[in-house]
Structure formats: structure tokens, C-alpha cells
Amino acid sequence: MSAEGPANASEYIIHHLTNLTAGEGFWTFHLDTLFFSFTLGALALCMFRIAAKNATSGVPGKLQNFVELLVDFVDTQVKDSFHGRSELIAPLALTIFVWVFLMNFMDLIPVDLLPLVAGWGGVHNLRVVPTTDLNLTFAMSITVFLLMIFYSIKIKGAVGFAKELLFHPFGKWMLPVNLLLKVVEEFAKPISLALRLFGNLYAGELIFILIALLPWWAQFTLGLPWAIFHILVITLQAFIFMMLTIVYLSMAHEDQ
Amino acid sequence: MNINATLLGQMITFGLFIWFTMKFVWPLLIDAMAERESKIADGLAAAERGHHEKELAEERAKKLLHETKDKARDIIAQSQKRADEIVDAAKDEARSEGERLKIAARAEIDQEITQAKESLRKEVVSIALVGAEQVLLREVDAAAHEEALSKLVEQF
């Protein structure tokens, strides 16, 4: 329970699900989401940058070895599902996998720990898992979506892309239906991408919060299995987000 | 749970991260890995080549050894033959030399026998003469029987 001691369980839960905000209306910023996502991403990229700078084709060090393991893993996935040539897809996939994994990983930090520390500093609302914020998951999926559109037009040309929108799958006599289907199909991609990640992590976080409502001596009975299971979930979700991004972008690269 | 400007902030952050990875992380690592891969491949190929060369050299050495053995055998056989020939020749020479020596010795012996016979005859004659002289001193004079005695000597 946090330092102030909320009156009851539902208040405790709501407290945990409230962002630290700044601004009004649309121009509201979730400072906690922005801060944690940026910090985690920057940390990961710094590590990668150090490994890349000292990269040698000789015997690799421990850091390089670890980073290469990730790079190789991502590269294999990209090569398996994407058959064109692209400077972007593999780095994009690596960024997504590592970043999403780290943000998901915040879920495994005890739910009250960071809010408690923040409370000492006078910050009373704090959500530490950025992937439980729809803004973040949608930001990522919309970026991927824009890249899909960009590459579709770049590879097939504006005309080719328009043709794909209008004449598939039923030929030119069913043009409106084609357009409608295609639009739904395309929009379903970023939405499902964002909601899948959000839903999984939000649910996970909520369960951790519920477990935290148990008496302290009983928490481990549920907390431990759920945390262990969650190690799988966070990795899997990061992997799925990465895989689907690769698949969507390779679809955008292919002429139909 | 509402969508707000955080979305835009996150998109910018995400875009920057992608750009950073694409420019400063991915190419360096993938290049280093590709280079190491080719190095390892080269090393393996070199090892394979070395192995192959070793096999060839072994083959060559075996062949050479074989040839040398044959040659040595030939040389030994030749020298044996030559030695036999020399021994045979020496034997022949020795035999003929022996033969020659034997002949010479026999001739010498023959000669000595003849000499001995001659001297023996002379001695017998003189002894006979002395004997006869002793006998005849009493009965006949020497002159009368001289003729008969020399006839006797010639008969020996």
C-alpha cells in the first residue's frame, strides 16, 4: 500500500491506474509514460551504441556477444519472413523488440515500489509500465502503419497502391466493396497491434495490483506464479509486436 | 485511458529510436558479424585445404618411399650378382693357377726322378763294378771283362 494509505481497495486500484499528467484536454502529457519509455529506450540504445562502436570481427566481448545474440535473432526473423532488401526493417524490428521488452519488463518491478519512491519526491500518481498506456502502443502501431503506407507507395507507386486499394480482391466491378474491405483490413492492423500489446500488459498489471491487495504473507502464493508466467508474457508480446511489424511491412513491399 | 498528446510525443520518441538504431547501431554490428562469419568461413576453408594438401603429401611420400625401396632392392640384387661373378672369376683363376702350379711341380718332380734315376744307375754301376772288381781280382783280370761290364752298364 502506498504511503498515503488509500481508503479502500477500489481507490487503491484507481490510484495505481492514474497517470502523472501535465496539460489540459488533448494537450495532456502522460509524464510517467514519456519518462519511462524514453529512459528505457535511451538506456538500451546507449548499450547497443557502445557495443556497436566497439564491435570487432574478432573474438567478441560479453556485451558484444549479448547484443549480437539479439541482432542475430532479429536478423533471422526478418530474413525468414521478409524477402526484399530494406535498410529499415531489421533495425526497426530490433528497436521494437528491445524497447517493448524493456517497457514490459517494468511490469515485473513490484507495483508499489516506484510509486512509493516517487511519493517521497512529492509525485503522487505514477504508472511505471509504459505499455499499459494506450498512447504508447498506438504511437508505435501508428508509426508502423505510416511506414506501411510509405513503403506501399514507394514500392508500388501511387498508382499501384491505388489499384491495390480499389481492384482487389473482387475486380473493378466491385470497387466500393474492395475499397471498404481494404480500408478495414489496413486499419485493423495498427489497431490490433496496439490493442493486443496494451490489453495483455494492462491485464497483467491489474492482476499484479490485485495480488498486492492480499495480506503480505499470502502475496507470494499468487505473485510468484504470475510473475514467472509474466516473464513469458512480456517476451512473447515483444516478439509478437516485432514479428507482426515485419510481416506487415513485408506485405507492404510485395506486389499483389 | 484517453488518447492525448502523449501519442505524438511517443511517436517522435519512437521515430528517433528507429533512426538511431538504423544509423548508428545496426550497420556496425551486422558488418562486424558478417566479417567474422567470412573470417570463420575462410579459416575453415584453409583448414580443409591444409588437410587435403597433407593427404597429397602423404601419398607422395608413400610413393617415393616405394620407389626408393624398389631401387634399393635392384641395387642389392645387382651387387649380389656382381659379387657372385667376382667370386666365380676368382675361383676360376685360382683353379687354373693351381693347375699350372701342379703341372710345374710335376715337371720338376719328373726331372728330379730322372736325375735321381740317372745318379742311382751310375752308383749301381759303380757299386757293381766295385763288386765285380772284388770278384774278378781273384779270378780274371779287369781288362778281359771290361767289355762285358760296359755292355751291362748300357743295359741298365
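A note on names: the letters A, B, ... follow the listed sequences, proteins ahead of strands, and every chain is numbered from 1.
Note on A/Gln64, A/Met140, A/Glu87, A/Lys53: by heavy-atom pairs under 4.5 Å with chain B, the leading option is A/Met140. With chain B as the partner, the residue from A/Ser37, A/Ala90, A/Ala55 showing the most heavy-atom pairs under 4.5 Å is A/Ala90. Comparing A/Thr95, A/Thr18, A/Thr28 by how many heavy-atom pairs each has under 4.5 Å with chain B, the most go to A/Thr28. The residue among B/Gly15, B/Gly9, B/Ala32 with the most heavy atom pairs within less than 4.5 Å of chain A is B/Ala32. Most heavy-atom pairs under 4.5 Å with chain B, from the set A/Pro130, A/Gly23, A/Ser57: that is A/Ser57.
A side-chain donor-acceptor contact under 3.5 Å links A/Asn135 to the backbone of B/Asn4. Side chain of B/Arg36 to main chain of A/Thr56: a donor-acceptor pair is present (N/O by atom type, distance under 3.5 Å, no hydrogens or angles). In terms of modelled atom types and a separation under 3.5 Å, the side chain of A/Arg49 and the main chain of B/Val25 share no donor-acceptor contact.
At most 12 non-hydrogen atoms from other residues, nucleotides or ligands lie less than 6.0 angstrom from CZ of A/Phe66. Within 6.0 Å of the CZ atom in A/Phe38, the count of heavy atoms belonging to other residues, nucleotides or ligands does not exceed 12. Residue-environment remark: CD (B/Glu48) stays at or below the threshold of 12 foreign heavy atoms within 6.0 Å. When the shell of 6.0 Å around CZ of A/Phe105 is examined, it contains 12 or fewer heavy atoms from other residues, nucleotides or ligands. The neighbour count for B/Glu97 CD, taken as heavy atoms of other residues, nucleotides or ligands under 6.0 Å away, is above 12.
Residue B/Ile40: no heavy atom, backbone or side chain, is found under 4.5 Å from chain A. Only the side chain of A/Leu146 has a heavy atom closer than 4.5 Å to any heavy atom of chain B. With a threshold of 4.5 angstrom between heavy atoms, A/Val98 does not approach chain B through any atom at all.
Relative orientation of the B/Phe17 and A/Trp99 rings is perpendicular, given thresholds of 30° and 60° on the angle between their planes.
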Residues A/Trp27, B/Leu8; criterion side-chain contact (heavy atoms from CB on, under 4.5 Å); working and verdict: CA-CA 10 Å; A/Trp27 290 106; B/Leu8 300 177; 4.1 Å; yes
A/Thr33/B/Thr6 under side chain to side chain donor-acceptor pair (under 3.5 Å): CA gap, chis, key distance, verdict: CA-CA 8 Å; A/Thr33 304; B/Thr6 311; over 6 Å; no
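Nearest heavy-atom pair, A/Gly58 versus B/Lys39, reported as atom, atom and distance to 0.1 Å: N-NZ, 4.3 Å.
The shortest side-chain heavy-atom distance between B/Met22 and A/Leu92 does not fall under the 4.5 Å cut-off. Taking the side chain as every heavy atom from C-beta outward, A/Phe48 and B/Phe20 never approach each other to under 4.5 Å. Looking at heavy atoms from C-beta onward, A/Leu45 lies out of side-chain contact with B/Phe24 at the 4.5 angstrom threshold. Side-chain atoms of B/Trp26 and A/Asp75, non-hydrogen and from C-beta on, do get closer than 4.5 Å to each other.
Taking CD1 from A/Ile96 and CD1 from B/Ile18, the interatomic distance works out to 6.0 Å, rounded to the nearest 0.5 Å. To the nearest 0.5 Å, the span separating OG1 on B/Thr13 from CG on A/Leu34 amounts to 6.5 Å.
Residues from residues 233-244 of chain A never place a non-hydrogen atom less than 4.5 Å from a non-hydrogen atom of chain B.
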